[in-house]
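In the text below, chain A, chain B and the rest are named by the order of the sequence lines, each starting its count at 1. Excluded from the calculations below are hydrogen atoms, water molecules and symmetry mates; all remaining heavy atoms, backbone and side chain alike, are included.
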There are 2 protein chains.
Amino acid sequence: MKPFHSYQNPSLAVDLVVFGYHENTLSVLLLNRKEEPFKDQWVLPGAFVQMQETFQDSCSRVLQTKLGMDKLYLEQLYTFDAPERDPRGRAIAVAYYALVNPSKFEIVAGTMANDVQWFDIHKIPALGFDHKEIFTTACQRLRSKILYFPVGFELLNDLFTMTELHELYECILGISIDRRNFRRKILDAEFIINTGKKREGLQNRHPELYKFNQKLKQNNFQLNI
Amino acid sequence: MKPFHSYQNPSLAVDLVVFGYHENTLSVLLLNRKEEPFKDQWVLPGAFVQMQETFQDSCSRVLQTKLGMDKLYLEQLYTFDAPERDPRGRAIAVAYYALVNPSKFEIVAGTMANDVQWFDIHKIPALGFDHKEIFTTACQRLRSKILYFPVGFELLNDLFTMTELHELYECILGISIDRRNFRRKILDAEFIINTGKKREGLQNRHPELYKFNQKLKQNNFQLNI
DNA sequence: CTACTTTGCGTCAAAATAACGCAAACAAAA
DNA sequence: TTTTGTTTGCGTTATTTTGACGCAAAGTAG
């Protein structure tokens with residue numbers, strides 16, 4: 001499918017903010033550039049959009065070829081168009097963010113090339129292009145989205161404890177939330193379902209295991225935390 | 001500023017959802033197409049993005065040349081990339097929405113070409129391309145944004161009455177809101193400022209005139225209506 | 001058996017909300 | 001002038017929601 005336009009169009013790329021949650025830390029995946037411009041600097045992974053593919057296709061291609069990942073939760077963030085954002089010429093970036101669940105986090109961390117690395121979102125180095133701005137936008141989106149969409153479940157395993165969910169929210173929102181009030185609000189909103197199972201192991205009291213309530217993908221709700 | 005890419009890039013356009021509020025009705029500006037495809041059908045106004053201009057520039061160009069409007073409040077909505085969205089070939093659309101205040105609404109309505117027309121958002125005809133989807137996205141954005149950003153003021157005159165603001169909210173949200181509770185919440189949030197002036201005229205009791213509180217452009221707030 | 005930690009559930013005062021009542025301010029009719 | 005009807009501004013009250021805690025059961029470790 002060719003472009004039907006006679007004159008030239010700007011270059012079009014997708015850039016990805018890949019979030020992972022591991023050991024009570026929210027991290028982002030960065031790539032160390034091997035070419036100019038911004039050689040040896042850290043940047044967000046990305047790729048040019050091919051003529052026939054959708055943005056989601058482009059994102060999947062980046063995730064698979066550059067990062068060795070399966071399909072993840074993906075959501076479009078914003079499209080960045082500042083004329084000087086790429087020193088090589090006019091380039092539009094459609095930013096997406098992705099969420100990696102903990103099981104994949106470790107696999108990825110183990111097999112990653114040394115030019116790919118997880119960074120704690122509070123310890124991000126200087127980034128090339130306008131990627132700092134993209135990263136900041138992604139963090140804001142995640143923080144607001146978590147209050148009215150069960151986006152956090154993409155960052156946890158299928159079964160999780162109330163404490164894990166609680167700590168995830170504290171981590172993403174950057175605030176401390178009363179454990180007991182959090183529990184009440186989450187349960188009142190029918191946000192999650194108690195599976196009846198318990199996590200056995202080296203812990204103290206064995207916590208109950210919850211799962212995500214699928215109905216919430218349709219219904220809107222509002223968590224006032 | 002040329003694209004630095006060797007292979008071809010998709011066509012890139014901006015599409016605009018222009019909202020106007022007049023006589024207690026929220027309307028959108030539509031254009032009747034004179035060429036194929038979708039000849040004689042209604043579509044959203046739009047234009048191809050020139051190599052050197054930002055999206056905002058492209059939007060302003062559309063608003064001025066096609067619709068004869070000044071600069072308006074503009075916000076990026078979403079970027080649409082379905083491969084078949086344009087039958088002529090691959091085309092990406094960056095959608096924006098714009099808000100027109102009432103004084104300009106009437107000027108525009110008076111001088112508009114007969115291929116441009118305001119439509120009540122509840123009486124939208126069939127639209128060409130994927131513009132129905134873009135329109136729907138814009139309505140949703142407006143509804144959610146009005147609760148945490150004073151976006152509604154762009155649709156009213158500088159000075160307005162509490163009743164006007166109240167009716168605007170009912171119209172956009174599509175629900176009925178208790179007049180007295182609405183007043184209390186708006187005033188508690190320091191959403192607006194009482195100017196002390198009153199609107200004289202043919203009404204009954206002369207209502208007080210309010211203005212938008214500029215401080216709210218920075219501060220976040222949440223209206224629970 | 002005794003600490004100590006984690007987890008689940010409950011209480012209660014304070015704040016926010018929804019659902020109204022009511023009278024002042026004005027225009028128009030009587 | 002007086003009356004009637006409408007709009008506007010400001011309350012009140014019962015109910016719900018929230019925030020800040022207490023407390024004991026279920027575990028582990030000494």
Whole-Å distance between [N] [atom2] and [X] [atom1]?
{"X": "B/I186", "N": "D/dT8", "atom1": "CD1", "atom2": "C1'", "value": "16 Å"}
{"X": "A/D188", "N": "D/dG19", "atom1": "CG", "atom2": "C1'", "value": "14 Å"}
{"X": "B/I177", "N": "C/dA18", "atom1": "CD1", "atom2": "C1'", "value": "13 Å"}
{"X": "A/N181", "N": "C/dC9", "atom1": "CG", "atom2": "P", "value": "15 Å"}
{"X": "A/M162", "N": "C/dG8", "atom1": "CE", "atom2": "C1'", "value": "9 Å"}
{"X": "B/R183", "N": "D/dT8", "atom1": "CZ", "atom2": "C1'", "value": "7 Å"}
{"X": "A/L209", "N": "C/dG8", "atom1": "CG", "atom2": "C1'", "value": "14 Å"}
{"X": "A/D178", "N": "D/dG22", "atom1": "CG", "atom2": "P", "value": "11 Å"}

- Any N or O donor-acceptor pair linking the side chain of B/R179 to the base of D/dG9 at under 3.5 Å?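 Present.
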- Check if the side chain of A/R180 and the base of D/dG22 share a donor-acceptor pair of N or O atoms closer than 3.5 Å.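 In this structure, the two groups form a donor-acceptor pair.
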- Take nucleotides 25-30 of chain C nucleotide by nucleotide from the 5' end and write B, S or -, depending on whether a protein heavy atom sits under 4.0 Å from the base, only from the sugar-phosphate, or from neither. BBS---
- side chain to side chain contact (heavy atoms under 4.5 Å, CB included), paired with A/L155, selected from A/V100, A/I172, A/L165: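 Per the side chain to side chain contact (heavy atoms under 4.5 Å, CB included) rule, the option paired with A/L155 is A/I172, out of A/V100, A/I172, A/L165.
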- Task: Ignoring the backbone of A/K185, work out which of D/dT18, C/dG8, C/dC20 is nearest its side chain.
- Result: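 Nearest to the side-chain atoms of A/K185, counting from C-beta on, is D/dT18.
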Measuring only between side-chain heavy atoms, which start at C-beta, is [X] closer than 4.5 Å to [Y]?
{"X": "B/V18", "Y": "B/L63", "result": "yes"}
{"X": "A/D40", "Y": "A/N32", "result": "yes"}
{"X": "A/F55", "Y": "B/I92", "result": "yes"}

- Mind checking A/T163 for me? I need base, sugar-phosphate or nothing, with any heavy atom below 4.0 Å counting as a touch.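 Sugar-phosphate, no base atom in range.
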- Pair B/R85 + B/E133: basic N to acidic O under 4.0 Å: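 Looking at B/R85 and B/E133, the cut-off is not met.
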- Query: Hey, is B/K215 close enough to B/E190 for a salt bridge, meaning N to O under 4.0 Å?
  - Reply: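 B/E190 and B/K215: not salt-bridged.
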- Item | Ring centers of A/Y78, A/F80 separated by less than 6.0 Å |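 Ring centroids of A/Y78 and A/F80 are less than 6.0 Å from each other.
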- Query: Is the distance from OP1 or OP2 of D/dT17 to the nearest side-chain N or O of A/N224 less than 4.0 Å?
  - Reply: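 Looking at the OP1 and OP2 atoms of D/dT17, neither is under 4.0 Å from any side-chain N or O of A/N224.
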